[in-house]
Amino acid sequence: MLPAYLPNPVAALTGGGTPVDFSRNYTDGRRIFGDGKTWRGLIVGIFAGVGIGTIQILAADAWGIRFLPGLTFPAVILLATGALLGDLVKSFFKRRCGVERGAKWPIADQYDLVAGAFLLLLIFDSAWLFSRVTLPVFIIILILTPILHRVVNIIGFAIKVKEVPW
Ligand code: CTP
Ligand code: MG
């Protein structure tokens, strides 16, 4: 899951500049995605996820690390891209519901990356998804994700990368 988990914190560290929606509003008069979704965060975040996944693949090859669950390059790209597309789609619906940028939106804020990553895998590499993400693995991901999300956001707040601890 590292290729899916890394893009969000990297986007928070490196984001800024031109927003993905180019500051445009939707038909309801609110922003399409908001200032929290920028091109730099999106692109650097995806590259970071693909980078860590590539390192995982190379490490598994070099040292024959058996516990790494057979990551492949397509899976790495889908995990990283899906994570930030999920985050983007979440922000779209967050704005439609009138929730301000950065405000808390429980459940969606925690699971957007998992939903996005697994949806892309389901569409483009379902064989990998079903062979690697078995039910116990899926349950562990569902438990681990909100815990990691909380811990990383508290760290982000403490080091002043995030304005709020969620
Ligand atoms: N970020 C970015 N580009 C992205 C995703 C995130 O630049 N595609 C950066 C932004 O600086 C953002 C921070 O990472 O403020 C934290 O991300 P997130 O919590 O997802 O955004 P929020 O600011 O909370 O916005 P939203 O309410 O839309 O989720
Ligand atoms: Mg947020």
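Counting starts at 1 for both ligands and their atoms, in listed order.
For atom 28 (O) of ligand 1, the closest heavy atom belonging to the protein is Ser91 OG, 2.6 Å. The protein non-hydrogen atom at the shortest distance from atom 9 (C) of ligand 1 is Ala11 O, 3.4 Å. Ranking protein heavy atoms by distance to atom 14 (O) of ligand 1, first place goes to Ala12 CA, 3.1 Å. At the shortest separation from atom 11 (O) of ligand 1 among protein heavy atoms lies Arg101 NH2, 3.9 Å. Distance from atom 6 (C) of ligand 1 to its nearest protein heavy atom, with residue and atom name: Gly36 O, 3.2 Å. Closest to atom 7 (O) of ligand 1, if we only count protein heavy atoms, is Thr38 OG1, 2.6 Å. Here the protein heavy atom with the shortest distance to atom 21 (O) of ligand 1 is Lys37 NZ, 3.4 Å. Looking at atom 24 (O) of ligand 1, its nearest protein heavy atom turns out to be Gly102 CA, 3.3 Å.
Annotation for Ile107: atom CD1 does not count as buried by contact number, only 12 or fewer foreign heavy atoms lying within 6.0 Å.
Leu113 is connected to Phe47 through a chain of hydrophobic side-chain contacts under 4.5 Å among Ile, Leu, Val, Met, Phe, Trp and Tyr, so both are in one cluster. Under the 4.5 Å side-chain heavy-atom criterion for grouping Ile, Leu, Val, Met, Phe, Trp and Tyr, Val161 is not connected to Leu84 through any hydrophobic cluster. Hydrophobic clustering keeps Leu6 apart from Leu71 (ILVMFWY residues linked when any side-chain heavy atoms are closer than 4.5 Å, directly or through intermediates).
For a threshold of 3.5 Å applied to N or O pairs, the pair formed by Asp109 and ligand 1 contains no separation below that value.
Relative orientation of the Tyr26 and Phe92 rings is perpendicular, given thresholds of 30° and 60° on the angle between their planes.
Shown in contact with Arg95 at under 4.0 Å from a heavy atom are these atoms of ligand 1, numbered in order with element: 26 (P), 27 (O), 28 (O). The Gly16 neighbourhood of ligand 1 comprises atoms 7 (O), with distances under 4.0 Å to a heavy atom of that residue. Short contacts between ligand 1 and Lys162, defined as distances under 4.0 Å to a heavy atom of the residue, involve ligand atoms 16 (C), 19 (O). For ligand 1, the atoms closer than 4.0 angstrom to any heavy atom of Gly15 are 7 (O).
Residue Glu163 places every heavy atom at 4.0 Å or more from ligand 1. Using a 4.0 angstrom heavy-atom cutoff, Asp87 counts as in contact with ligand 1. Heavy-atom distances between Gly156 and ligand 1 stay at or above 4.0 Å for every pair. Distances from ligand 1 to the non-hydrogen atoms of Arg40 include no value under 4.0 Å. The shortest separation from a heavy atom of Gly34 to ligand 1 is not under 4.0 Å, leaving the residue out of contact.
We find the CD-NZ distance between Gln110 and Lys90 to be 9.0 Å, quoted to the nearest 0.5 Å. To the nearest 0.5 Å, atoms CZ (Phe118) and CD1 (Ile123) are separated by 14.0 Å. Atom-to-atom distance recorded for Asp109:CG and Arg150:CZ is 11.0 Å, nearest 0.5 angstrom.
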**Asked** When you look at Leu135 and Ile139, which way does the side chain to side chain contact (heavy atoms under 4.5 Å, CB included) test go after all the steps?
**Response** CA-CA 6 Å; Leu135 190 60; Ile139 291 168; 4.0 Å; yes
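Residues passing the side chain to side chain contact (heavy atoms under 4.5 Å, CB included) test with Leu120, sequence neighbours excluded: Leu78, Thr81, Leu85, Phe124. Partners of Arg31 according to the side chain to side chain donor-acceptor pair (under 3.5 Å) rule, which considers only residues two or more places apart in sequence or in another chain, are Asp21, Asp35.
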